[in-house]
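Everything on this sheet refers to the single structure shown next.
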Amino acid sequence: MREYLLTLSITAAVTYLLTGPVRKFAIVAGAMPEIRARDVHREPTPRLGGIAMFFGLCAGLLVADHLTNLSEVFAKSNEPRALLSGAALIWLIGVLDDKFEIDALIKLGGQMIAAGVMVVQGLTILWIPVPWVGTVALTQWQGTLLTVALVVITINAVNFVDGLDGLAAGMVCIAATAFFMYAYRIWYSYGIEAAAPASLFAAILMGMCLGFLPHNMHPARIFMGDSGSMLIGLVLAAGAISVTGQVDPDLMNLFSGSERASVHQMVPVYIPLVMPLTIIAIPAADLILAIVRRTWRGQSPFAADRGHLHHRLLEIGHSHSRAVLIMYFFSALIAFGALAYSVNAASMWIVLSVVFLSAIGLVLLLTPRFTPRAPRWAERFVPPRYRRRKAAVAAAEPAGVVDEGTSDEATTGDRVRVPAGVSGVNGATAVGPRSRTR
């Protein structure tokens, strides 16, 4: 576990430290598209955050290759090299798209090629466990098609959900955490070495997201762009493919005892079929709804619009930060609910807890106007919008004057209003009119 934590920390540190220089490079390179009608942000914001995330991935793999226990993953399996090859290809396509806005069909072809590169190097689904049937071996063509389909669906699901500051990185980080706990349990509890690559991929993915999130939280200073969203989607899919199609369920020796006991004991075998779906449940639902909505209107499935789930949350009155937190909540509920059920499928408390937390989530969805207030002793630790003294300070100030230390983003829907004629970048001083006098 210590080596996984070290790999995660190095990945997060490299990603965090490189994001600042990458942001300046993106500004100089002009990777700052104009604000579109469907965009939520109101200031031009640089992209190409995926550059820092990719180098974080490389740093994590390099460190893991030199650690005592994790180096065995590279010696016994070619999956890390397959991941790096596919990630490099999909990252390059994303960088070109962030700069030049390449066609959607070209991106789709690139995603399929990246998945094919991983398949050629051994990262593919060899068999799948089917309930009441057992382990079903797949032919080479079946495994290739299933692998490519899972990679493409996951990449586009993550790409679709990347619409609010910090949303995609946070949701993928939550999913990667749940997936790491599941894969690590298979490797540690059952002694199955084939689950080690999936644990490594999940730890590195957590580091990539955690290192990028401080720069991407609202108001974002930089966006990950397609170079980042497609990259983390591919890494997430690689972990799911590794633990689903590479780990032989027969090695778990779960077929013992009564028939009823065997059904409960077989849950960890069936979970690999469900876990990848729970990880991308919300992004996949958003993807399916978007395709249905656009084709119903006679539009291309790749045509962008403002009908995504996060856009709907903003429309019903939720602030930017609250919409992101609600999406985080439901992602964690689905991912960790499936994880808990895989540990103890016979416990009714797990089902009751999921139902109770779902009810809390529905209440949060239906109360967009409610703003929680922190106790006075905790006011210094929370953002200004949650402080009780905010109203009194605002009332004491002259009309039209807003102090930077007491401004409340919630009064404008978590969006900072920029006066007309003022140019700039979120949190930046690198672009904009400069004074000619010093």
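Predicted model only: the values in this text are computed from it and were never measured.
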| message | Please check: side-chain N/O of Asn159 versus main-chain N/O of Ile155, any donor-acceptor pairing under 3.5 Å? | response | no

| field | Separation between OG1 of Thr11 and CG of Leu61, rounded to the nearest 0.5 Å | value | 7.5 Å

| Does CZ belonging to Phe55 count more than 12 external heavy atoms closer than 6.0 Å? | no

| note | Nearest heavy-atom approach of Leu57 to Ala87 is CD2-CB, 3.6 Å

| Quick one: ring pair (Phe, Tyr, Trp, His ring centres under 6.0 Å) partners of Phe329, sequence neighbours excluded? | none

| task | Might you work through the side chain to side chain contact (heavy atoms under 4.5 Å, CB included) test for Ile186 and Val243, ending with a clear yes or no? | result | CA-CA 9 Å; Ile186 293 180; Val243 77; 4.1 Å; yes

| note | Rounded to the nearest 0.5 Å, the CD atom of Gln140 sits from the OG1 atom of Thr144 at a distance of 5.5 Å

| Distance-minimising heavy-atom pair for Val119 and Thr147 | CG2-CG2, 3.6 Å

| request: Over all heavy atoms of both residues, which pair between Met206 and Leu8 is shortest? Give the atoms and the distance, please. | output: CE-CD1, 3.6 Å

| task | Check step by step if side chain to side chain contact (heavy atoms under 4.5 Å, CB included) holds for Thr177 and Phe180. | result | CA-CA 5 Å; Thr177 304; Phe180 172 79; 5.8 Å; no

| Parallel, tilted or perpendicular: which describes the rings of Phe179 and Tyr182, with under 30° parallel and over 60° perpendicular? | tilted

| Approximate separation, where rounding is to 0.5 Å, of Leu205 CG and Leu234 CG | 10.5 Å

| field | Flag, side chain of Ser242 to backbone of Ala238, donor-acceptor distance under 3.5 Å | value | no

| message | Going by the rule side-chain hydrogen bond (donor to acceptor under 3.5 Å, both in side chains), which residues pair with Thr7 if we only count those two or more places apart in sequence or in a different chain? | response | none

| message | Please give me the minimum heavy-atom distance between Ile174 and Ser331, naming the atom from each residue. | response | CG2-C, 4.2 Å

| task | Give a yes or no on whether the backbone of Phe74 and the side-chain of Arg81 come within a donor-acceptor separation of less than 3.5 Å. | result | yes

| message | Any side-chain to backbone donor/acceptor pair from Asp162 onto Ala168? Under 3.5 Å, distance only. | response | no

| said: Nearest 0.5 angstrom please: Asp65 CG to Leu70 CG, how far? | reply: 9.5 Å

| request: Specify the closest pair of heavy atoms between Ala237 and Val151, including all atoms of both residues, with the distance to one decimal. | output: CB-CA, 3.9 Å

| query | Which word best sums up how the rings of His215 and Tyr16 line up, parallel for under 30°, tilted for 30 to 60°, or perpendicular for over 60°? | reply | tilted

| said: I'd like to know if the side chain of Asn216 reaches the main chain of Gly166, judged simply by a donor and an acceptor atom lying under 3.5 Å from each other, with no hydrogens or angles considered. | reply: yes

| Got a second to check how far Leu48's CG is from Asp97's CG, nearest 0.5 Å? | 10.0 Å

| message | Determine whether a donor-acceptor pair (N or O, by modelled atom type, separation under 3.5 Å) exists between the side chain of Ser229 and the backbone of Val158. | response | no

| task | Would you please test Ile90 and Gln111 for side chain to side chain contact (heavy atoms under 4.5 Å, CB included) and show each step? | result | CA-CA 6 Å; Ile90 203 70; Gln111 295 167 9; 3.5 Å; yes

| task | Take Ile93 and Ile102 through the side chain to side chain contact (heavy atoms under 4.5 Å, CB included) test and state the conclusion after the steps. | result | CA-CA 9 Å; Ile93 295 173; Ile102 63 178; 3.8 Å; yes

| field | Main-chain N/O of Leu67 paired to Glu3 side chain as donor or acceptor, under 3.5 Å | value | no

| query | Taking all atoms of both residues into account, what is the closest heavy-atom pair of Phe212 and Gly49, and its distance? | reply | CE1-CA, 3.8 Å

| Is the backbone N or O of Ser227 less than 3.5 Å from a side-chain atom of Asp98, with the two atoms forming a donor-acceptor pair by type? | yes

